[in-house]
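First the structure, in the form of structure tokens, and then the observations on it.
Everything numeric in this text was worked out from a predicted model, so none of it was measured. We number each residue from 1, following the sequence as shown.
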Amino acid sequence: MKVQVLASVMNQSMDDVIHSMRLDSDAVIINQCGELGYEETNQGGARIRFYSFPDRGIGRSRNEAIMRADGDICLFSDEDIVYEPDYAVKIIREFENNPEADMILFNIQVEEERRTYLIRERKRVRWYNCGRYGAVSFAVRRRSLLASGITFSLLFGGGALYSNGEDSLFLKEFIEKGYRVYTAPVTIGRERDSSSTWFSGYHEKFFHDRGVLYQFLYGRLAGAMSLRFLLAHRKKMCGEAGLRQAFKWMKKGIGEGRAFHH
């Protein structure tokens with residue numbers, strides 16, 4: 001069983017990415033820059049393929065990587081992830097211990113203010129709680145991924161119309177198609193301090209875009225799930241605008257999201 005990192009980066013060189021991410025498994029790296037190009041190298045038996053494209057958008061670059069993947073287990077990643085030396089071994093061990101898992105979600109250490117969720121136990125992930133995990137925690141069997149036919153949305157995420165949520169939509173669709181997703185309380189790497197490509201504060205656009213996403217994720221339950229989200233994160237997210245205003249912005253986003261389905 002081979003792990004293959006599928007990384008989306010911007011304006012990087014192949015050597016810098018390999019060094020900064022500490023890659024020691026096979027990898028397909030999609031470099032969003034101003035030109036077309038291809039490089040390949042072998043690092044201690046690991047085949048690293050580096051593709052450069054002028055296109056922009058996290059969903060687009062992740063889909064480009066999926067189309068070029070040939071590993072048994074695909075691990076989605078970004079340029080600000082630094083892996084632990086035994087990350088591939090840890091991932092393989094979890095899949096070997098859980099042969100019915102199509103996807104396993106792992107922990108990546110992040111700054112407390114950026115953390116969405118810390119995995120503390122092994123359990124199955126369902127549609128109603130799949131919105132808390134980022135794509136850099138996803139390790140998926142390539143066979144299951146290709147059979148599902150699922151790709152990342154081009155509407156959500158860095159470089160897209162709406163600021164984030166492509167990972168949640170991907171996970172929800174995968175689960176709804178009957179594939180089995182589990183968590184593992186295992187840390188495989190950490191996030192380097194860097195400025196986010198989409199997060200700039202808890203302001204109108206943040207809550208509006210979250211409302212659009214919740215309509216796509218939860219449909220008729222979008223309003224209730226929005227209120228649940230705001231109540232759960234009230235102290236952290238509603239300090240400036242207030243809960244009432246944040247909910248108004250989310251409801252406006254829900255209405256905009258609903259228009260996509262007419």
Side-chain angles (χ1 to χ4, degrees), residues 1-9 21 23-30 38 40 42-51 53 57-78 81 83-84 86-108 119 122-127 129-154 156-157 165-189 217:
M1 199 184 296
K2 269 198 167 188
V3 170
Q4 185 175 51
V5 172
L6 306 186
S8 175
V9 307
M21 294 182 69
L23 296 174
D24 63 5
S25 68
D26 287 5
V28 174
I29 301 164
I30 305 298
Y38 176 74
E40 183 177 321
N42 193 294
Q43 297 274 324
R47 184 186 181 206
I48 313 287
R49 288 181 285 151
F50 190 86
Y51 297 85
F53 292 101
I58 187 68
R60 187 183 299 276
S61 63
R62 293 208 195 285
N63 293 338
E64 294 281 6
I66 290 171
M67 288 190 289
R68 291 161 178 81
D70 57 9
D72 303 300
I73 305 295
C74 295
L75 176 65
F76 292 106
S77 191
D78 293 330
I81 303 301
Y83 286 110
E84 296 190 351
D86 55 352
Y87 71 93
V89 174
K90 287 180 174 179
I91 291 167
I92 290 168
R93 185 184 301 132
E94 288 295 321
F95 276 96
E96 286 178 343
N97 291 337
N98 190 354
E100 70 173 18
D102 296 293
M103 182 190 294
I104 298 178
L105 312 182
F106 293 86
N107 278 324
I108 296 287
I119 298 167
R122 289 176 178 82
K123 63 179 182 180
R124 190 160 174 192
V125 180
R126 306 291 183 174
W127 67 269
N129 62 5
C130 68
R132 57 181 59 157
Y133 305 101
V136 295
S137 68
F138 298 0
V140 58
R141 293 187 196 272
R142 184 175 62 94
R143 184 178 57 200
S144 301
L145 176 57
L146 296 183
S148 75
I150 296 169
T151 56
F152 283 89
S153 170
L154 303 185
F156 296 85
E166 78 291 345
D167 35 19
S168 301
L169 290 168
F170 181 92
L171 197 52
K172 175 176 181 278
E173 192 176 348
F174 193 69
I175 291 168
E176 286 183 337
K177 287 201 171 186
Y179 294 93
R180 293 173 178 265
V181 179
Y182 293 86
T183 55
V186 175
T187 299
I188 58 172
L217 283 174

(message) So does Asp70 get a backbone contact from the side chain of Gln4, meaning a donor-acceptor N/O pair under 3.5 Å?
(response) yes
(request) Look at the aromatic rings of Phe170 and Phe152 and report parallel, tilted or perpendicular, splitting at 30° and 60°. (result) parallel
(request) Only one of Ile91, Ile81, Asn107, Val89 passes side-chain contact (heavy atoms from CB on, under 4.5 Å) with Ile188; say which it is. (result) Ile91
(request) Identify, with sequence neighbours excluded, every residue that meets side-chain hydrogen bond (donor to acceptor under 3.5 Å, both in side chains) alongside Asp86. (result) none
(message) Would you compute the distance between atom CE of Met103 and atom SG of Cys74 and round it to the nearest 0.5 angstrom?
(response) 10.0 Å
(message) On a heavy-atom basis, which atom in Ile58 and which in Ser8 lie closest, and how many Å separate them?
(response) CD1-OG, 3.3 Å
(request) Apply side-chain hydrogen bond (donor to acceptor under 3.5 Å, both in side chains) to Ser137 and list each qualifying residue two or more places apart in sequence or on a separate chain. (result) none
(request) Please confirm whether the backbone N or O of Gly131 pairs with a side-chain atom of Lys172, one donor and one acceptor, at under 3.5 Å? (result) no
(request) Looking only at non-hydrogen atoms, find the nearest pair between Asp26 and Ala46 and report the distance. (result) OD1-CA, 3.4 Å
(message) Counting C-beta onward and ignoring hydrogens, is there a side-chain heavy-atom pair between Leu23 and Gln43 closer than 4.5 Å?
(response) no
(request) Determine the sole option in Arg68, Arg60, Arg62 for which the side-chain hydrogen bond (donor to acceptor under 3.5 Å, both in side chains) test with Glu64 is passed. (result) Arg68
(message) Under a plain distance cut-off of 3.5 Å, with no hydrogens placed, do Tyr83 and Ser77 share a side-chain donor-acceptor pair?
(response) yes
(message) If the condition is ring pair (Phe, Tyr, Trp, His ring centres under 6.0 Å), which residues does Phe174 pass it with, not counting sequence neighbours?
(response) Tyr179
(request) Check Tyr87 against Ser25 and note the closest heavy-atom contact, atom names and distance. (result) OH-OG, 2.7 Å
(request) Would you name the heavy atoms of Glu84 and Thr187 that are closest together and state the gap between them? (result) OE1-O, 3.3 Å
(message) Working to the nearest 0.5 angstrom, can you tell me the gap between Asn63 CG and Ile150 CD1?
(response) 11.5 Å
(request) Could you check Val181, Ile104, Leu171, Leu6 and say which one makes a side-chain contact (heavy atoms from CB on, under 4.5 Å) with Phe138? (result) Leu171
(message) I'd like to know whether CZ of Arg124 has more than 12 heavy-atom contacts from other residues, nucleotides or ligands below 6.0 angstrom.
(response) yes
(request) Under the side-chain contact (heavy atoms from CB on, under 4.5 Å) rule, what do Arg141 and Arg180 come out as? Steps first, then yes or no, please. (result) CA-CA 11 Å; Arg141 293 187 196 272; Arg180 293 173 178 265; over 6 Å; no
(request) Dump the intermediate steps for side-chain contact (heavy atoms from CB on, under 4.5 Å) on Ile175 and Cys130, then the final yes or no. (result) CA-CA 9 Å; Ile175 291 168; Cys130 68; 4.1 Å; yes
(request) Tell me, with the steps shown, if Lys2 and Asp72 meet side-chain contact (heavy atoms from CB on, under 4.5 Å). (result) CA-CA 5 Å; Lys2 269 198 167 188; Asp72 303 300; 3.6 Å; yes
(message) Just so I know, are the side chains of Val28 and Tyr51 near enough to count as touching, which here means a heavy-atom distance under 4.5 Å?
(response) yes
(message) Run the side-chain hydrogen bond (donor to acceptor under 3.5 Å, both in side chains) test against Thr183 and tell me which residues pass, sequence neighbours left out.
(response) none
(message) Please check: side-chain N/O of Arg142 versus main-chain N/O of Gly71, any donor-acceptor pairing under 3.5 Å?
(response) yes
Donor-acceptor contacts under 3.5 Å from residues 92-99 side chains, at least two apart:
unit_1	atom_1	unit_2	atom_2	d
Glu94	OE1	Arg122	NE	3.1
Glu94	OE2	Arg122	NH2	2.8
Asn97	ND2	Arg93	O	3.3

(request) Given side-chain contact (heavy atoms from CB on, under 4.5 Å), test Ile119 with Tyr182 step by step and report yes or no. (result) CA-CA 10 Å; Ile119 298 167; Tyr182 293 86; over 6 Å; no
(request) State the CZ-CG distance between Arg49 and Asn42, to the nearest 0.5 angstrom. (result) 12.0 Å
(message) Among residues at least two apart in sequence or on other chains, which ones pass side-chain hydrogen bond (donor to acceptor under 3.5 Å, both in side chains) with Ser144?
(response) Asp102
(request) Flag the pair Ile66 / Leu146 as yes when at least one side-chain heavy-atom distance between them is below 4.5 Å, and no otherwise. (result) yes
